[in-house]
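No hydrogens, no waters, no symmetry mates; every other heavy atom, side chains included, goes into these values. The first residue of the sequence shown is numbered 1, and numbering continues consecutively from there.
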Amino acid sequence: MERYRSKVESEEMDLLFQAILSLKNIEECYRFFDDICTINEVKALEQRLQVAKMLRQRKTYLDIASSTGASTATISRVNRSLNYGSNGYKTIFERINWKE
C-alpha cells in the first residue's frame, strides 16, 4: 500500500505531530494546547469535531449551526472532508469508539 502524503507534510509538521503523539493523557493535552494555540484556535478544532459528529448523526445544517455556532461554510467543509477527505475523522471516531 502506498504511503499517504499530506498537502501540509514537512519536517516541521512531523515535529508537531510527534509532539501531539507524545501526550499521555487529557491533562497533558490541555496543557499543550493551552500553550500552543489561542483559545479561538482550539475552539475552532473542537467545533469542527462536533460538526463532524453531528453530520454523522444526519443532523441538518440548520440544527448544526444552531447547536455549534458553526457557519454553513465550516459545516460544508467538514462535510466534504467526511465524504471525500483522507478518512481522518473516520479514524478518530472508530478509535474513540464513538457510535452514532
Side-chain angles (χ1 to χ4, degrees):
M1 185 174 184
E2 189 175 325
R3 185 179 169 290
Y4 176 76
R5 299 269 181 207
S6 170
K7 296 178 276 278
V8 297
E9 188 171 329
S10 68
E11 286 183 30
E12 294 80 8
M13 195 62 74
D14 287 353
L15 177 62
L16 172 62
F17 292 150
Q18 287 169 1
I20 293 169
L21 288 169
S22 77
L23 299 170
K24 293 185 173 39
N25 55 49
I26 289 177
E27 182 178 348
E28 287 185 2
C29 289
Y30 275 112
R31 290 174 181 269
F32 178 71
F33 282 95
D34 275 348
D35 286 348
I36 200 165
C37 295
T38 66
I39 292 170
N40 287 341
E41 289 167 339
V42 173
K43 287 292 199 180
L45 295 172
E46 172 198 32
Q47 183 185 66
R48 287 180 184 183
L49 191 58
Q50 188 65 27
V51 167
K53 179 180 173 184
M54 294 179 78
L55 284 167
R56 286 174 48 114
Q57 292 172 323
R58 306 257 192 267
K59 303 286 186 189
T60 67
Y61 276 34
L62 187 60
D63 288 340
I64 296 168
S66 174
S67 177
T68 66
S71 68
T72 55
T74 295
I75 298 167
S76 292
R77 189 201 180 293
V78 172
N79 194 42
R80 263 193 318 278
S81 293
L82 284 171
N83 292 315
Y84 308 108
S86 304
N87 291 322
Y89 285 113
K90 179 182 177 206
T91 299
I92 292 303
F93 286 133
E94 287 173 356
R95 291 202 180 141
I96 63 174
N97 294 317
W98 180 80
K99 306 287 186 232
E100 270 93 341

* Asked: Checking E41 side chain against C37 main chain: does a donor-acceptor pair fall under 3.5 Å?
  -> no
* Asked: Do the side chains of I92 and Y89 get nearer than 4.5 Å, heavy atoms only?
  -> no
* To do: Answer whether the closest heavy-atom distance between the side chains of F93 and K53 falls below 4.5 Å.
  => yes
* Structure fact -> On a heavy-atom basis, the closest approach of M13 and V8 is CB-O, 3.6 Å
* Asked: Within a strict 4.5 Å, meaning less than it, do heavy atoms of the I36 and L16 side chains meet?
  -> yes
* Asked: Considering only heavy atoms from C-beta outward, does the side chain of Y30 approach that of V42 to under 4.5 Å?
  -> no
* **Whether over 12 other heavy atoms sit under 6.0 Å from I96 CD1** => yes
* Asked: Once you round to the nearest 0.5 Å, how far does CD1 of I64 lie from OG1 of T72?
  -> 11.0 Å
* To do: Would you check if S81 and R77 make a side-chain contact, meaning some heavy-atom pair closer than 4.5 Å?
  => yes
* Asked: Taking atom CG of L45 and atom CZ of F33, what is their separation to the nearest 0.5 Å?
  -> 7.0 Å
* Asked: Which atom names give the shortest non-hydrogen contact between V51 and A70, and what distance separates them?
  -> CG2-CB, 3.7 Å
* Asked: Between CG of D63 and CZ of R58, what distance do you get to the nearest 0.5 Å?
  -> 14.5 Å
* To do: Drop me the distance from K43's NZ to N40's CG, to the nearest 0.5 angstrom.
  => 9.5 Å
* Asked: Roughly how far apart are L15 CG and I20 CD1, rounded to 0.5 Å?
  -> 10.0 Å
* To do: Provide the closest heavy-atom pair for L55 versus I75 in the form atom of the first, atom of the second, distance.
  => CD1-O, 3.8 Å
* **Candidate pair S76 and R80, rule side-chain contact (heavy atoms from CB on, under 4.5 Å), full reasoning** => CA-CA 6 Å; S76 292; R80 263 193 318 278; 4.1 Å; yes
* Identify the two heavy atoms, one from K90 and one from R56, that lie closest to each other, and give their separation to 0.1 Å. => CA-NH1, 4.3 Å
* Asked: What is the distance from atom OG of S66 to atom CE of M54, rounded to the nearest 0.5 Å?
  -> 8.0 Å
